Amino acid sequence: VQLQAYGGGSVQAGGSLRLTCAASGRSFSSHVLAWFQQAPGKEREFVGRITWSDGRSGGWQRYYADSVKGRFTISRDDAKNTVYLQMNSLKPEDTAVYYCAADQFYSGTYYGQYASWGQGTLVTVSS
């Protein structure tokens, strides 16, 4: 799949943003979708991911990094080939370029294992 992320911007601490990642290509609904962040001078870090739903095991499975748990929420709309990252209670340390990624088989936290990437979108949180 091909991915395109957008929705970044500047916000004050405590504010909210929603990032969107639009996908094109086949089999979107069978891909794991993830979000990563990369701050200046740092390695790309896992934010969260959402699996596909097979309709039998309780639906999509979400997993988040501890640093964003309770503040960020990932959702997906397979009919629109879109995944979202809702970011609430933003902190200055959330400032980073955010990337969406997809893979048909991998659902872990290591960025090197995701096959498809969108371009990044910058989120800046001021104190």
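Quick caveat, the model's predicted, so the values are computed rather than measured. Throughout, numbering of the chain's residues begins at 1 and tracks the sequence.
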For this session: Take T95 and V123 through the test side chain to side chain contact (heavy atoms under 4.5 Å, CB included) and record every step on the way to the result.
Result: CA-CA 5 Å; T95 295; V123 172; 5.9 Å; no
Partners meeting side-chain contact (heavy atoms from CB on, under 4.5 Å) with [X] (sequence neighbours left out):
{"X": "S27", "result": "S30, H31, Q104"}
{"X": "A13", "result": "P92, V125"}
{"X": "T109", "result": "F46, Y63"}
{"X": "Q4", "result": "Q119"}

Problem set entry | L33 vs F28, side chain to side chain contact (heavy atoms under 4.5 Å, CB included): CA-CA, chis, key distance, verdict | CA-CA 9 Å; L33 302 169; F28 174 83; 3.3 Å; yes
Exercise. If you look at every heavy atom in V68 and V47, which pair is closest and at what distance?
Worked result: CG2-O, 3.5 Å
Problem set entry | Closest approach of L85 to Y98 (non-hydrogen atoms, all atoms of both residues) |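 Looks like CD2-CD2, 4.0 Å.
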Determine which pairs satisfy disulfide (SG to SG under 2.5 Å) with at least one residue from [range], sequence neighbours left out, and list them in order.
{"range": "residues 64-120", "result": "C21-C100"}
{"range": "residues 62-94", "result": "none"}
{"range": "residues 66-96", "result": "none"}

Exercise. Under a single-linkage rule joining Ile, Leu, Val, Met, Phe, Trp and Tyr whose side-chain heavy atoms are separated by less than 4.5 Å, which residues share a cluster with V1?
Worked result: L3
For this session: Kindly work out whether a path of hydrophobic side-chain contacts (I/L/V/M/F/W/Y, heavy atoms less than 4.5 Å apart) joins L90 to Y84.
Result: no
For this session: Look at the side-chain heavy atoms of Ile, Leu, Val, Met, Phe, Trp and Tyr, link any pair under 4.5 Å apart, and say whether L17 and Y6 land in one connected group.
Result: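 No; tracing contacts between hydrophobic side chains, which count when under 4.5 Å, never links both residues.
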Problem set entry | Donor-acceptor under 3.5 Å (T121 side chain, G8 main chain) | yes
Problem set entry | Donor-acceptor contact present, side-chain R49 to main-chain Q61, <3.5 Å | yes
For this session: Please name all residues satisfying salt bridge (Lys or Arg N to Asp or Glu O under 4.0 Å) with D78, sequence neighbours left out, ordered by chain then number.
Result: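 Counting only residues at least two positions away or on another chain, D78 forms a salt bridge (Lys or Arg N to Asp or Glu O under 4.0 Å) with R76.
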Problem set entry | Summary of salt bridge (Lys or Arg N to Asp or Glu O under 4.0 Å) pairs that have at least one residue in residues 92-104, sequence neighbours excluded |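 Matches after skipping sequence neighbours: R71-D94.
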Exercise. Salt bridge (Lys or Arg N to Asp or Glu O under 4.0 Å): which pairs involve residues 59-68, sequence neighbours left out?
Worked result: D66-K69
For this session: Walk me through it: do V11 and T124 pass the test side chain to side chain contact (heavy atoms under 4.5 Å, CB included)?
Result: CA-CA 6 Å; V11 63; T124 303; over 6 Å; no
For this session: Look up atom CD in Q38 and atom CG in L122, then write down how far apart they are to the nearest 0.5 Å.
Result: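 One finds 11.5 Å between CD of Q38 and CG of L122.
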Exercise. Roughly how far, to the nearest 0.5 Å, is the CD atom of Q37 from the CD atom of E43?
Worked result: 12.5 Å
Exercise. Do any pairs count as a ring-ring contact (aromatic ring centres under 6.0 Å, His included) and have a residue in residues 106-127, sequence neighbours left out, and if so which ones?
Worked result: F36-Y114, F36-W117, Y106-Y114
Exercise. With a cut-off of 6.0 Å (strictly less than), are more than 12 heavy atoms of other residues, nucleotides or ligands near CD of Q12?
Worked result: no
For this session: May I ask you to test the Q86-S75 pair for a side-chain heavy-atom distance under 4.5 Å?
Result: no
Problem set entry | Side-chain donor-acceptor pair present, D77, T82, cut-off under 3.5 Å | no
